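This report refers to the structure that appears directly beneath it.
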There are 2 protein chains.
Amino acid sequence: MNSEFIIAVHGLVLLAHRPDGMASSEEIASNVCTNPARVRKVMSVLRKNGYIETREGSGGGYRLVADPQSITLASVYRALAAGSLAPGWCSGNPEMDCVVGSNMQDVMNAVFCGADQQLEAYLETITIGRMLSQIEAKAGIP
Amino acid sequence: MNSEFIIAVHGLVLLAHRPDGMASSEEIASNVCTNPARVRKVMSVLRKNGYIETREGSGGGYRLVADPQSITLASVYRALAAGSLAPGWCSGNPEMDCVVGSNMQDVMNAVFCGADQQLEAYLETITIGRMLSQIEAKAGIP
DNA sequence: CGCAACTGTAACTGATAATATTACAGTAAC
DNA sequence: GTTACTGTAATATTATCAGTTACAGTTGCG
């Protein structure tokens, strides 16, 4: 799985956890354990999808605008990791003079297409709000 | 997805397609579009799992011994690509002085664990035999 | 205004993982 | 004993990913 997906989910949960729903790229980066530039790149995509809004300039940062319960991991997945299940690598070759070798790409592709749908369906059942609840439950009963 | 998984599936389908169920590492490699050493490494795992047997020496190669209909992609996945869905990368840090940052790994891990099970369940529904049928159907009705 | 603190991007660098290559010992057929 | 294979490991080579740096654009505030 794409690590940008992880940064996005972690970032969203963090924002949802903040009472005012705000944090700067540096705060998020240190919480996620990566660098601010990477966070900004990911958050930029989330903004384009309407989950957060950004305030540039001094005192700026990111702020959650969507309801945590309404943001599913599937939508985050679609936004920045879609099709990451299928490998870059592809066996066979359509030009090949062999029934198996020449048709494998198509068939394999269909398999991964189905797998991707299955994965999305699963991610559809998990929301940012639910993840936050789980974390808060863990912290509440140490 | 692990590319060894692809090599394995492609190799198994190729063997199933052969009337005598045999092929050398070089034949498989050229069909899959990779090199023989890589194929041998993958086939070695498949042998240990009982799907194929190997004949060393001159005129040797690999031969399918299991029924193509009985080999599911899930079992191939478990054999050489298990857990490949979860990323090497992990956000957060349990030592961290933040409720979100310190618990994220656990929660994220649970998500990927579930996703992996979902994926396996899907792969359980696809067999080598079925893939071969699909390929043969494509070739039969051009 | 002018400075300080942010975001938005892109280019560059370094680290890490994936793949290919090479090599050679072991084994079986002829 | 020679030829044609597998098994396995070591070693390049290449591609991918993450970190870093840089700088223009934006906003808040003294």
Side-chain angles (χ1 to χ4, degrees), chain A residues 1-8 10-11 15 18 20-49 51-65 80-81 83-93, chain B residues 1-8 10-11 15 18 20-49 51-65 80-81 83-93:
Chain A
M1 173 72 67
N2 196 324
S3 70
E4 292 193 346
F5 172 81
I6 305 208
I7 294 173
H10 191 142
L15 290 180
R18 294 286 177 93
D20 56 356
M22 280 210 77
S24 71
S25 66
E26 203 177 314
E27 289 174 294
I28 298 173
S30 98
N31 201 273
V32 171
C33 293
T34 184
N35 58 76
R38 209 153 139 64
V39 170
R40 290 203 286 267
K41 192 182 163 209
V42 172
M43 297 313 256
S44 193
V45 176
L46 294 181
R47 172 175 51 80
K48 282 165 190 158
N49 281 73
Y51 303 132
I52 61 178
E53 66 180 16
T54 71
R55 265 240 312 273
E56 296 187 5
S58 182
Y62 301 93
R63 179 157 152 247
L64 194 66
V65 291
L80 39 73
S84 73
L85 216 160
W89 210 77
C90 239
S91 75
N93 178 354
Chain B
M1 173 72 65
N2 197 324
S3 70
E4 293 193 346
F5 172 81
I6 304 209
I7 294 172
H10 191 142
L15 289 180
R18 293 286 177 92
D20 56 357
M22 280 210 76
S24 71
S25 66
E26 203 176 315
E27 288 174 296
I28 299 173
S30 98
N31 203 273
V32 172
C33 293
T34 184
N35 58 76
R38 207 154 141 64
V39 169
R40 290 203 285 267
K41 192 181 164 211
V42 172
M43 296 314 254
S44 194
V45 176
L46 294 181
R47 172 176 50 82
K48 281 164 190 159
N49 282 71
Y51 303 133
I52 62 177
E53 67 180 17
T54 72
R55 265 237 317 270
E56 297 187 3
S58 180
Y62 301 92
R63 178 155 152 249
L64 194 66
V65 291
L80 38 73
S84 73
L85 215 161
W89 210 77
C90 236
S91 75
N93 178 354

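Within every chain, numbering begins at 1; the chains are lettered A, B, ... in the order of the sequence lines, protein sequences first and strands thereafter. Quick caveat, the model's predicted, so the values are computed rather than measured.
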Atom pair distance, as rounded to whole Å: CG in B:Asn35 and C1' in D:dT13: 12 Å
Shortest side-chain distance from B:Ser58, nucleotide among D:dT3, D:dT8, C:dG8: D:dT3
Touch class at under 4.0 angstrom, heavy-atom based, for B:Arg40 against every strand present: base
Integer-rounded Å distance: C:dA18 P and B:Leu80 CG: 14 Å
Distance, rounded to the nearest Å, where A:Lys48 contributes NZ and C:dT7 contributes P: 15 Å
Euclidean distance, atom CD1 of residue B:Ile7 to atom C1' of C:dA18 [Å, nearest integer]: 11 Å
Integer-rounded Å distance: D:dC5 C1' and B:Ile52 CD1: 14 Å
SB check B:Arg18 B:Glu27 (cutoff 4.0 Å): yes
Nucleotide nearest B:Arg55 (side chain, heavy atoms from C-beta), chosen from C:dT7, C:dA20, C:dA29: C:dA29
B:Asn49 side chain to B:Tyr51 backbone, donor-acceptor under 3.5 Å: no
Length of the CD-P vector between A:Glu56 and C:dT7, whole Å: 9 Å
Whole-Å gap separating C1' (D:dT16) and CG (B:Asn2): 15 Å
Sugar-phosphate, base or nothing in reach of B:Gly88, heavy atoms under 4.0 Å: nothing
Given DNA chain D, 5'-ward residue of the pair A:Thr34 and A:Gly59, judged by closest heavy atom: A:Thr34
Any donor-acceptor N or O pair under 3.5 Å, side chains B:Arg63, B:Thr54: no
Toward the 5' end of DNA chain D, by each residue's nearest nucleotide, A:Glu4 or A:Ala37: A:Glu4
D:dG7 OP1/OP2 closer than 4.0 Å to side-chain N/O of B:Arg47: yes
C:dT7 OP1/OP2 closer than 4.0 Å to side-chain N/O of A:Ser25: yes
Minimal non-hydrogen separation, A:Trp89 against B:Val32, with atom names: CH2-CG1, 3.8 Å
side-chain contact (heavy atoms from CB on, under 4.5 Å) between B:Asn2 and B:Leu80, worked out: CA-CA 8 Å; B:Asn2 197 324; B:Leu80 38 73; 5.7 Å; no
OP1 or OP2 of D:dA18 under 4.0 Å from side-chain N/O of A:Ser3: yes
Closest listed nucleotide, where the reference is the side chain of A:Tyr62 and the choices are D:dT20, C:dA20, C:dG8: C:dG8
Atom pair distance, as rounded to whole Å: CE in B:Met22 and C1' in D:dA4: 12 Å
Earlier contact from the 5' end, DNA chain C, for A:Gly60 and A:Lys41: A:Gly60
